[in-house]
Amino acid sequence: MKEADAIKLFIGQIPRNLEEKDLKPIFEQFGKIYELTVIKDKYTGMHKGCAFLTYCARESALKAQTALHEQKTLPGMNRPIQVKPADSEGRGEDRKLFVGMLGKQQEDDDVRKMFEPFGRIDECTVLRAPDGTSKGCAFVKFQSHAEAQAAINSLHGSRTLPGASSSLVVKFADTEKERGLRRMQQVASQLAVFSPMTLNLGAYNAYTQALVQQQTLVAQSAYLSPIATVAAVQMQQMAALNGNGIIATPITPITPITPSSAQSSAGVLDPLQQAYAGMQHYTAAYPAAYGLVSTPFPQQHTLVPQQQQQQQQREGPEGCNIFIYHLPQEFTDSELLQMFLPFGNVISAKVFVDRATNQSKCFGFVSFDNPTSAQTAIQAMNGFQIGMKRLKVQLKRPKDANRPY
DNA sequence: TATGATT
């Protein structure tokens, strides 16, 4: 049998002619092997030159890693052998806990005392605001996954601390990927400019239909963690995407992420993992927006007062004006403005309206006071999916664009 | 429905 905190190792750079029986002697010297499997192609059964290895003892895995990883090269290979925890082992974050619903007056030491009975603690930190006040939560890192799990089993929901609004939350800390999803959710919220008015206009077009579908999906996933819900919504959008466009979550802010609802069953894993592919898509496309969202934009990014009344001077300098097409029919100037506020100082936001019918022509312009904001907005919003369509966002064509001087 | 609306 293997230990509860055993580590699954990934073994790379092994010759394709070596099978389990050949590899066993190499690794057995560090301890009893629980499982050793050469990785083969799902369809062809072809040896892929790597394997998974789990020792019965955690210690054996650590020894093997130290002794072998990049330390020797097997015959016929031109790179040294790889021996490291498999990706599934979660980069060591499997022993770190997030603790929520602490009292504001609890110090690191108080938290440490609470968790000490469950194992050796490597790290224990109460999260604090810049002014030093406790955020009512903490990270606690044990030396092993098993210890962390034991603490969850005994402490999660076990009591309500003085000054906390609900019972103690003890869960594994977010992985890197979950953090990414959380950040995206924040960005999506910033960009979720769809006021309730939009839905109440009564127009049942593709856009409102898509909104309803998404909200139904959110409702259906209520039993999952909020993260998984976001992931599910993103998956839905992912399905509609092919090409290099960017998509995001154009819905009213989803269920707030509360620590108490975030610890959930195994059901959460699957949609999350499925969403990872999409995340990479996102993280590649949104860095600029991440940066901006964390800046104190509500103060800075507002209309300059003189221009609020008199909207005559609509265009910004060259390179500061963007053209947006495929806006939802019911989008007004103010919604267009809100959508682009996160990217900089908006000088004007104008939806084009058919003069005869007063209907939006589904395109418009946004002007910033500097070209960088315009570029950032283009990067982040071009391809932003709304309903069945994706926004087209690009620099406004100069007036003389097709005039060959 | 496609680039700041009759210069």
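Between the P atom of dG4(B) and the OH atom of Tyr325(A) lies a distance of 14 Å, rounded to the nearest Å. Rounded to an integer number of Å, the gap from CZ of Phe323(A) to P of dT1(B) is 12 Å. Note: CD (Glu318(A)) to C1' (dT3(B)) measures 13 Å, nearest angstrom. At whole-Å resolution of the value, CZ in Phe363(A) and P in dA5(B) are 10 Å apart. In this structure, NZ of Lys350(A) is placed 16 Å from P of dT3(B), rounded to the nearest angstrom. Leu391(A) has its CG atom 15 Å from the C1' atom of dT3(B), to the nearest Å. Atom pair Asn321(A):CG and dA5(B):P shows a separation of 12 Å (rounding to whole Å applied). Straight-line distance from the CD1 atom of Ile324(A) to the P atom of dG4(B): 13 Å, rounded to whole Å.
When each of Lys361(A) and Ser367(A) is assigned the nucleotide of DNA chain B bearing its nearest heavy atom, the one mapping closer to the 5' terminus is Lys361(A). Residues Val366(A) and Lys389(A) both approach DNA chain B. Their nearest nucleotides, taken by heavy-atom distance, put Lys389(A) toward the 5′ side.
Residue Ile81(A) holds its CD1 atom at 7.5 Å from CG of Leu23(A), rounded to the nearest 0.5 Å.
Using the six-membered ring where Trp is involved, Phe142(A) and Phe115(A) have ring planes that are tilted, between 30° and 60° apart.
Of the candidate nucleotides dA5(B), dT1(B), dA2(B), dA5(B) has the atom nearest to the side chain of Val353(A). For Ser348(A), taking side-chain heavy atoms from C-beta onward, the closest of the listed nucleotides dT1(B), dG4(B), dT3(B) is dG4(B).
Here Phe352(A) does not count as stacked on dG4(B), because the ring centres are not under 5.5 angstrom apart with planes under 30°.
A salt bridge (Lys or Arg N to Asp or Glu O under 4.0 Å) with Glu147(A) holds for exactly one of Lys96(A), Arg95(A), Arg120(A); it is Arg120(A).
As judged by a 4.0 angstrom heavy-atom cut-off over every strand, Gln394(A) is placed among the base-contacting residues. Using a 4.0 Å heavy-atom criterion, one finds that Asp354(A) contacts no nucleic acid atom at all. If you check every strand for non-hydrogen atoms under 4.0 Å, Phe365(A) touches a base.
For dA2(B), the OP1/OP2 oxygens have no side-chain nitrogen or oxygen of Lys392(A) closer than 4.0 Å. Residue Arg397(A) places at least one side-chain N or O closer than 4.0 Å to OP1 or OP2 of dT3(B).
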Q: With salt bridge (charged side-chain N to carboxylate O under 4.0 Å, His left out) as the test, would you mind laying out the steps for Arg128(A) and Asp131(A) before giving the verdict?
A: CA-CA 8 Å; Arg128(A) 296 180 185 281; Asp131(A) 68 359; over 6 Å; no
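In this model, a donor atom of one side chain and an acceptor atom of the other lie less than 3.5 Å apart for Thr332(A) and Glu335(A).
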